[in-house]
Amino acid sequence: MKKNIKKIILKVIFIIIFAFIIRESYLTYVDYYNFNELEKAKIILEKIPENTDKFYTLKEFNEKYNANIKPIKNCYDISNYNWNEKYIFWFKLESLLYINMYWTKYYTYPKYNAPYINICESWVGCYDRNKEIFIKTISNPCKD
């Protein structure tokens with residue numbers, strides 16, 4: 001009887017470890033894909049003149065520059081309006097590998113440079129409204 005319980009416990013542990021490995025493999029692929037899409041976008045973003053019309057969404061960027069940048073899980077936030085920077089491209093990291101590599105869940109390129117907009121509400125406290133919008137955008141699928 002004890003032998004059967006040990007076998008069952010070992011099988012359950014094996015299944016959990018196997019499921020974790022499969023999940024992390026997929027999430028690592030998602031992050032790898034996102035970095036490849038960033039590289040494709042950077043080629044276009046670097047060539048955009050500073051005095052051009054502003055775009056604020058992935059849809060606008062794709063339409064304006066025929067870029068065909070497509071996320072496979074959550075949306076990208078991309079804009080040529082980033083205060084002192086020429087543009088910004090941000091997305092949510094999914095895998096433990098990339099989160100630990102970059103020490104963040106939210107990757108921004110070249111860097112997050114939006115001003116801090118302090119919003120204080122009695123039921124949630126104070127927060128940065130700009131960053132809140134960014135996190136909501138990159139934590140969900142794109143809206144058409």
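Numbering of residues begins at 1 and proceeds along the displayed sequence. Remember, it's a predicted structure, so these values are computed and weren't measured experimentally.
- Ile78 pairs with exactly one of Ile88, Leu45, Ile69 by the side chain to side chain contact (heavy atoms under 4.5 Å, CB included) rule, that one being Leu45.
- The hydrophobic cluster of Phe14 has no other members, since no ILVMFWY side-chain heavy atom comes under 4.5 Å of it.
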Working for side-chain contact (heavy atoms from CB on, under 4.5 Å), residues Ile72 and Tyr29: CA-CA 10 Å; Ile72 58 173; Tyr29 170 75; 3.6 Å; yes
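- Here Lys73 contributes atom NZ and Phe91 contributes atom CZ; the two are 13.5 Å apart, rounded to the nearest 0.5 Å.
- Between Asn74 and Ser139, the side chains place no donor N or O within less than 3.5 Å of an acceptor N or O (distance only, hydrogens not considered).
- Aromatic ring centres of Tyr102 and Phe35: separated by under 6.0 Å.
- Between the side chain of Lys64 and the backbone N or O of Asp53 there is at least one donor-acceptor pair closer than 3.5 Å.
- Under the 4.5 Å side-chain heavy-atom criterion for Ile, Leu, Val, Met, Phe, Trp and Tyr, Ile99 and Ile138 are members of distinct hydrophobic clusters.
- For Trp90 (side chain) and Asp77 (main-chain N/O), a donor-acceptor pair under 3.5 Å exists by modelled atom type.
- Side-chain contact between Cys75 and Pro141 is absent, with no heavy-atom pair separated by less than 4.5 Å.
- Using modelled atom types, one side-chain atom of Glu60 and one backbone atom of Thr57 make a donor-acceptor pair closer than 3.5 Å.
- Atom NZ of Lys86 sits in a crowded spot, with more than 12 heavy atoms from other residues, nucleotides or ligands closer than 6.0 Å.
- Grouping Ile, Leu, Val, Met, Phe, Trp and Tyr by side-chain contacts under 4.5 Å, direct or through others, puts Ile22 with Phe18.
- By the 4.5 Å heavy-atom criterion applied to side chains, Tyr98 and Thr28 are counted as neighbours.
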Check against side-chain contact (heavy atoms from CB on, under 4.5 Å), Ser25 and Ile21: CA-CA 6 Å; Ser25 296; Ile21 291 169; 4.2 Å; yes
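- No side-chain N or O of Asn34 forms a donor-acceptor pair with one of Glu94 less than 3.5 Å apart.
- Using cut-offs of 30° and 60° for the angle between ring planes, the Phe61 and Phe55 rings count as tilted.
- Side-chain contact between Leu38 and Tyr76: absent, with no pair of heavy atoms (C-beta onward) separated by less than 4.5 Å.
- Pairs engaging residues 39-50 under the side chain to side chain donor-acceptor pair (under 3.5 Å) rule: Glu37-Lys40, Glu39-Lys42, Glu46-Tyr87 [sequence neighbours left out].
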